[in-house]
Amino acid sequence: MKTQLIDTIQALHDYKTTLKPEDSIGLVPTMGALHAGHLSLIQKSKAQNTHTIVSIFVNPTQFGPKEDFNQYPRDLQKDLFLCSTNGVDAVFAPTIAQMYPHSDTITLAPPKNLGYVFEGFIREGHFSGVLTIVLKLLHLIAPNRAYFGQKDAQQLLLIQRLSHDLFLPVQIIPCPTQRDTDGLALSSRNIYLSPQERQIALKIPATLEAIKQKIQEGQTQSAALLAIGKQMLQGLDIEYFAICDHHLSPLDTIQKDGTIVLVAAKVGKTRLIDNLWI
Ligand code: PAF
């Protein structure tokens, strides 16, 4: 199946006029460098909608001045091939000028509690950029459903809030984290890791797995779980490691169906995030 490449907003409007009223659109928003994690979102969208659109846009406003916007992996031809072989109907890949027609632009501010802790504290302005671009994409594409990975837990929670607070007519579908055979959560940034760094990075999924095991054995105290985890994460430059509820408030005791264990750490120059939804 050939995927249609749509690279202007006008072409997107034209594409949408070819759809029938009974059709449904699933949107998979990405920054490209597609991997098996993205493909699992695409599969879910294809199962639930008549049409699947993947957006590919490396969004400059969600990168800080010292982050990897210029180095971020880009390979549109490879991404298009993956989309075609996975049955994607259309790829929307606009230019920066199209998505941000004014340099002095309107931006969204995330809510204070959810938006300025963890990633929001470390990556100043990041969620403002994410929410702004996601709102623009949802507005332009008007999907019935949009698919986001649980790996970016805080992003997912904020996008659920965006949809709820702004009454957006879209269903936000969370999708489980996909892992490599060695357990590392799939991420476009994993290519930055040397083989030695990757071995160190594997302490992250091993720690989350050990915490899951301890919880299954009956441990409910966050302090005890975090102590075990900190031992296991030795050697990594930990940015945060916490056990929280879905509002990202720290929890003393694990709540069934309402707990997330969050970790962010640097291995060499590469920043990795991972989490466990309980
Ligand atoms: O998760 C991502 O790839 C990005 O943050 C998103 C949601 C596509 C917005 O640019």
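Numbering of ligands and ligand atoms starts at 1, following listing order. In this chain, residues are counted from 1 in sequence order. Quick caveat, the model's predicted, so the values are computed rather than measured.
When all heavy atoms of R161 and P111 are compared, the closest pair comes out as NH2-CB, 3.8 Å. Considering every non-hydrogen atom in both A185 and N190, the closest pair reads O-ND2, 3.0 Å.
Each of I204, T207, V261 was compared with D274 under the side-chain contact (heavy atoms from CB on, under 4.5 Å) criterion, and only I204 meets it.
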Give every pair formed by an N or O atom of ligand 1 and a protein N or O atom closer than 3.5 Å, one pair per line with both atom names and the distance to 0.1 Å, or write none.
residue  : atom   : partner : partner atom : Å
ligand 1 : 1 (O)  : Q155    : NE2          : 2.8
ligand 1 : 5 (O)  : Q62     : NE2          : 3.0
ligand 1 : 5 (O)  : Q155    : OE1          : 2.7
ligand 1 : 10 (O) : Q62     : OE1          : 2.6

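Taking 4.0 Å as the cut-off between side-chain N and carboxylate O, R123 and E239 do not count as a salt-bridged pair. Under a 4.0 Å N-O distance rule, the pair K269/D68 does not qualify as a salt bridge.
Ring-centre distance between Y15 and F92: not below the 6.0 Å cut-off.
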